[in-house]
Amino acid sequence: MIAEIREYLEKPSHSGKRYLIKKIVGTKDNIEKKALEYMNARMNNKAFIRVIEFKVVIKSGKYTAYDWTYKPTYR
(Lines give C-alpha, C1' and ligand atoms only; values in the text may rest on other atoms or scores of the structure.)
Protein backbone atom coordinates (compact mmCIF):
# COMPACT_ATOMS: atom_id res chain seq x y z
CA MET A 1 0.00 0.00 0.00
CA ILE A 2 1.11 3.56 -0.63
CA ALA A 3 0.41 6.60 1.53
CA GLU A 4 0.62 9.85 -0.38
CA ILE A 5 1.02 12.81 2.01
CA ARG A 6 0.48 16.27 0.58
CA GLU A 7 1.89 18.99 2.85
CA TYR A 8 0.52 22.49 2.27
CA LEU A 9 3.15 24.98 3.43
CA GLU A 10 2.66 28.20 5.38
CA LYS A 11 4.65 30.15 2.79
CA PRO A 12 6.20 29.09 -0.52
CA SER A 13 9.40 27.07 -0.38
CA HIS A 14 12.63 28.31 -1.96
CA SER A 15 11.60 26.72 -5.25
CA GLY A 16 8.22 28.47 -5.09
CA LYS A 17 6.10 25.41 -4.34
CA ARG A 18 3.03 25.74 -2.10
CA TYR A 19 2.89 22.04 -1.26
CA LEU A 20 5.17 19.04 -1.13
CA ILE A 21 4.27 15.42 -1.84
CA LYS A 22 5.78 12.57 0.17
CA LYS A 23 5.07 8.93 -0.65
CA ILE A 24 5.46 6.20 1.95
CA VAL A 25 5.24 2.49 1.17
CA GLY A 26 4.09 -0.05 3.74
CA THR A 27 1.85 -3.00 4.47
CA LYS A 28 -1.83 -2.92 5.33
CA ASP A 29 -0.97 -3.25 9.03
CA ASN A 30 1.66 -0.51 9.40
CA ILE A 31 0.95 2.07 6.67
CA GLU A 32 -1.20 4.32 8.86
CA LYS A 33 1.36 4.22 11.69
CA LYS A 34 4.18 5.13 9.28
CA ALA A 35 2.18 8.06 7.90
CA LEU A 36 1.36 9.38 11.39
CA GLU A 37 5.00 9.02 12.51
CA TYR A 38 6.17 10.96 9.45
CA MET A 39 3.63 13.74 10.10
CA ASN A 40 4.66 13.93 13.76
CA ALA A 41 8.37 14.14 12.89
CA ARG A 42 7.63 16.74 10.21
CA MET A 43 5.72 18.98 12.64
CA ASN A 44 8.44 18.74 15.30
CA ASN A 45 11.26 19.66 12.89
CA LYS A 46 11.90 23.37 13.33
CA ALA A 47 14.26 23.62 10.34
CA PHE A 48 11.52 23.34 7.70
CA ILE A 49 8.71 25.71 6.75
CA ARG A 50 5.61 25.05 8.85
CA VAL A 51 2.78 22.98 7.41
CA ILE A 52 -0.77 24.38 7.64
CA GLU A 53 -2.51 21.23 6.36
CA PHE A 54 -1.76 17.57 5.66
CA LYS A 55 -3.86 15.62 3.15
CA VAL A 56 -3.23 11.89 3.36
CA VAL A 57 -4.47 9.43 0.74
CA ILE A 58 -3.83 5.74 1.31
CA LYS A 59 -4.05 3.71 -1.88
CA SER A 60 -4.15 0.00 -2.51
CA GLY A 61 -3.24 -0.46 -6.15
CA LYS A 62 -5.14 2.19 -8.08
CA TYR A 63 -8.04 2.35 -5.60
CA THR A 64 -8.18 4.74 -2.64
CA ALA A 65 -8.54 2.77 0.57
CA TYR A 66 -9.19 5.85 2.71
CA ASP A 67 -8.06 9.44 3.11
CA TRP A 68 -8.11 12.17 5.70
CA THR A 69 -7.13 15.80 6.25
CA TYR A 70 -5.28 17.09 9.30
CA LYS A 71 -4.70 20.73 10.22
CA PRO A 72 -1.95 20.96 12.88
CA THR A 73 -2.05 23.58 15.60
CA TYR A 74 1.25 25.11 16.65
CA ARG A 75 1.92 26.75 20.01
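We number each residue from 1, following the sequence as shown. Values reported hereafter were calculated over all heavy atoms of this structure, with side chains retained and with hydrogens, waters and symmetry mates removed.
The line from NZ of Lys11 to CZ of Arg50 is 9.0 Å long, rounded to the nearest 0.5 Å. Rounded to the nearest 0.5 Å, atoms CZ (Arg18) and CD1 (Ile52) are 6.5 Å apart. We find the CD1-CD1 distance between Ile2 and Ile24 to be 11.0 Å, quoted to the nearest 0.5 Å. Note that CZ of Arg6 and CD1 of Ile21 are 4.0 Å apart. Values are rounded to the nearest 0.5 Å. To the nearest 0.5 angstrom, Glu53 atom CD is 13.0 Å from Glu10 atom CD.
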Trace of the side chain to side chain contact (heavy atoms under 4.5 Å, CB included) decision for Met1 with Ile58 | CA-CA 7 Å; Met1 297 183 94; Ile58 294 182; 4.0 Å; yes
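At a threshold of 4.5 Å between side-chain heavy atoms, the hydrophobic network of Ile, Leu, Val, Met, Phe, Trp and Tyr places Val51 and Trp68 in one connected group. When hydrophobic clusters are built by joining Ile, Leu, Val, Met, Phe, Trp and Tyr residues whose side-chain heavy atoms come closer than 4.5 Å, directly or via intermediates, Ile5 is not grouped with Val57.
The number of heavy-atom neighbours closer than 6.0 Å to CZ of Phe48, taken from other residues, nucleotides and ligands shown, is 12 or below.
A parallel orientation is assigned to the rings of Tyr70 and Phe54, their planes being inclined by less than 30° (bins at 30° and 60°).
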Show me the donor-acceptor pairs within less than 3.5 Å that the side chains of residues 30-44 make with the rest of the protein, sequence neighbours left out.
from	atom 1	to	atom 2	distance (Å)
Asn30	OD1	Thr27	N	2.9
Asn30	OD1	Thr27	OG1	3.0
Glu32	OE1	Tyr66	OH	3.3
Lys34	NZ	Val25	O	3.1
Tyr38	OH	Glu7	OE2	2.5
Asn40	OD1	Asn44	ND2	3.3
Arg42	NE	Glu7	OE1	2.9
Arg42	NH1	Ile49	O	3.3
Arg42	NH2	Ile49	O	3.0
Asn44	ND2	Asn40	O	3.2

